[in-house]
Every structure is written in structure tokens, then in C-alpha cells.
Amino acid sequence: MFDITDRSLSLEPLVSAVTRSSSGAVASFLGVVREQTRGRQVLYLEYEAYREMAIPKMREIADEIRRKWKVDEIAMVHRIGHLEIGEASVAIAVSAPHRHQALAACAYAIDRLKETVPIWKKEVWTDGEEWVGPAACDGGVAGSEFRVSS
Amino acid sequence: MKVRVRCFAAAREIVGSGELVVDLPEGSTLTQLFDQVQGQFPRLQGLAGSLLFSVNREYAPSDKRLSADDEVALIPPVSGGADV
């Protein structure tokens, strides 16, 4: 299950989708909108995706995971549109025969998703706004502190 | 040749549209494409240092040569910062 949706997210459908009779563990991740980012008060976030590229990039991450760990199934769903504080923006679930593979693969999945999947969030604060995109979130590879003066 | 350019996030806001069709000489590179689009939308200059490109839904280096009907995307990692 790899998808981009404008509907609210929850983990249960992903956990159900990945659980196999061979699975001894399901690790899951839910990213939620927090009220402060870099010391600024968030009003809301707007997410947008390059859907036709984003879903294949999610599948590539799943392929990378299968080369690194013995896992059963992988599911990733990202939400787009207007999100309020506390709402879920991304959900991931990974099943595996053993917990260590499931946990490591789930952590890898969210890190890689933020690096390579073309999805952007516009952070709208009480005193400004900024777009954040792939390879930029949370100290990503392409210079997280880069700021464009405009 | 005509190339389709998808614009996202700050690039979309500057261009005022999610998609452009750009007419380029055969064999043009992504850099040449961007120069031309930037000529039309000078505020894209503000993104130039941080922008990533994709061609046909794969990330691509700026010296990549384009073909007719390629789908290019402008992928800004971080941008904006405008106070409102």
C-alpha cells in the first residue's frame, strides 16, 4: 500500500494491510503536525505532492528496505492538503518475522521518505510562512539551513 | 522542441501555475531550460541555488540534456521565508 490522500490518516488500515501469518512484529510510524517548529508558532500546514513521482519513489524505498532487511510487507501513505495541529501527515507500517527488522526498516522508511519523496509542506506561522520540501526536512541531505532571501 | 514543466511549492506560487510548456532548441540542458523559465519569471532566481530537478519522474543533474515531450519538474527543497 503506497498512496497519497487528502483524507485523514490512521495507522490501523496500514497495520492490517501489512500483517502476514509470517509476521512476528509490525512497526509503525505516524507523523503529526506539532504546534511549534524552530521556535515559531504554527497555525497550520499545507502539503502538496508530485503524486506521479512520489508513489514510485515510495516503492523504491520499499525495494531498498527489502534489500537491507528481511521484512514481510511495507505500507506508506502521505496526506496532502490543509492540516491542523495534531493531525497525522504520514503513516508507515512495516511487518517482519522479528521486531528488530521491523523497527529498523520503519525508521529507515521515514528518513528516506523525507529525503527523496517529492512532497512539500508550507509551514504557516503566526509571523510568516515557508515551504519545506524533499531533502530539507529535519536536517536532510541538501542543506537544511539553506534559506533563500527574496 | 516542447518540454512540459511541472512546478511545485514555492516554484508553483512564483509561476502562478502548476504546469508550463516551454519551447527549447533541440539538445538543451536543464540549466538552459531553467534560464529560459527564469527569464520569464525572474523571482525564480531566489530558488536557483537550492532547486532540484526531475526529468520523467527521476531526479536529474542540471547538465542533463532534454528530449521533446520530457516532463521536467522544479523541486525546491527549501524556499520562501517571506514574512506575511
Side-chain angles (χ1 to χ4, degrees), chain A residues 2 4 37-61 63 78 80-81 112-150, chain B residues 3-22 30-31 33-35 37-64 66 69-84:
Chain A
F2 303 94
I4 309 281
T37 182
R38 299 186 296 277
R40 304 180 87 156
Q41 181 69 37
V42 171
L43 293 177
Y44 62 89
L45 299 185
E46 289 278 347
Y47 281 88
E48 74 177 65
Y50 182 7
R51 182 188 180 89
E52 302 92 329
M53 181 171 169
I55 292 175
K57 286 287 164 198
M58 290 177 174
R59 292 184 188 282
E60 283 180 21
I61 294 168
D63 292 342
H78 207 298
I80 53 171
R112 289 291 286 156
L113 186 146
K114 289 193 167 215
E115 285 174 0
T116 70
V117 177
I119 294 173
W120 295 261
K121 64 176 172 186
K122 183 189 233 180
E123 297 177 347
V124 180
W125 312 305
T126 47
D127 60 346
E129 61 184 42
E130 182 178 56
W131 281 105
V132 181
C137 306
D138 298 344
V141 293
S144 60
E145 294 311 308
F146 188 91
R147 291 290 183 277
V148 174
S149 54
S150 55
Chain B
V3 172
R4 187 178 174 206
V5 182
R6 306 279 301 268
C7 305
F8 294 94
R12 175 180 53 73
E13 290 185 343
I14 290 168
V15 167
S17 167
E19 189 175 328
L20 297 169
V21 175
V22 178
L30 276 169
T31 299
L33 165 77
F34 185 68
D35 287 347
V37 176
Q38 194 182 295
Q40 199 177 343
F41 303 98
R43 288 177 57 218
L44 288 173
Q45 171 67 38
L47 305 180
S50 68
L51 200 66
L52 302 176
F53 298 99
S54 68
V55 178
N56 300 330
R57 300 161 191 179
E58 287 291 343
Y59 290 105
S62 57
D63 60 355
K64 182 177 175 67
L66 299 168
D69 301 323
D70 277 348
E71 180 179 296
V72 173
L74 308 184
I75 299 183
V78 178
S79 53
D83 290 331
V84 294

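Residue numbers begin at 1 in each chain, while the letters A, B, ... track the order of the sequences.
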query = Are any non-hydrogen side-chain atoms of A:Trp131 and B:Arg12 less than 4.5 angstrom apart?
reply = yes

inquiry  = Using every non-hydrogen atom in the two residues, find where B:Pro76 and A:Trp120 come nearest and quote the distance to one decimal.
reply    = O-NE1, 2.8 Å

query = Given that the side chain runs from C-beta out, which part of A:Pro118 has a heavy atom under 4.5 Å from chain B: side chain, backbone, both or neither?
reply = both

query = If you count heavy-atom pairs under 4.5 Å between each of B:Glu71, B:Arg43, B:Glu13 and chain A, which one has the most?
reply = B:Glu13

task = Let me see the working for B:Tyr59 and A:Lys57 under side chain to side chain contact (heavy atoms under 4.5 Å, CB included), right down to the final yes or no.
result = CA-CA 10 Å; B:Tyr59 290 105; A:Lys57 286 287 164 198; 4.0 Å; yes

inquiry  = With rounding to the nearest 0.5 angstrom, report the CG to OG1 distance, B:Leu52 to A:Thr116.
reply    = 11.0 Å

message = Please enumerate all residues that pass ring-ring contact (aromatic ring centres under 6.0 Å, His included) together with B:Phe41, with sequence neighbours excluded.
response = none

query = By number, which residues in residues 45-55 of chain A have some heavy atom less than 4.5 Å away from chain B?
reply = A:Glu48, A:Ala49, A:Tyr50, A:Glu52, A:Met53

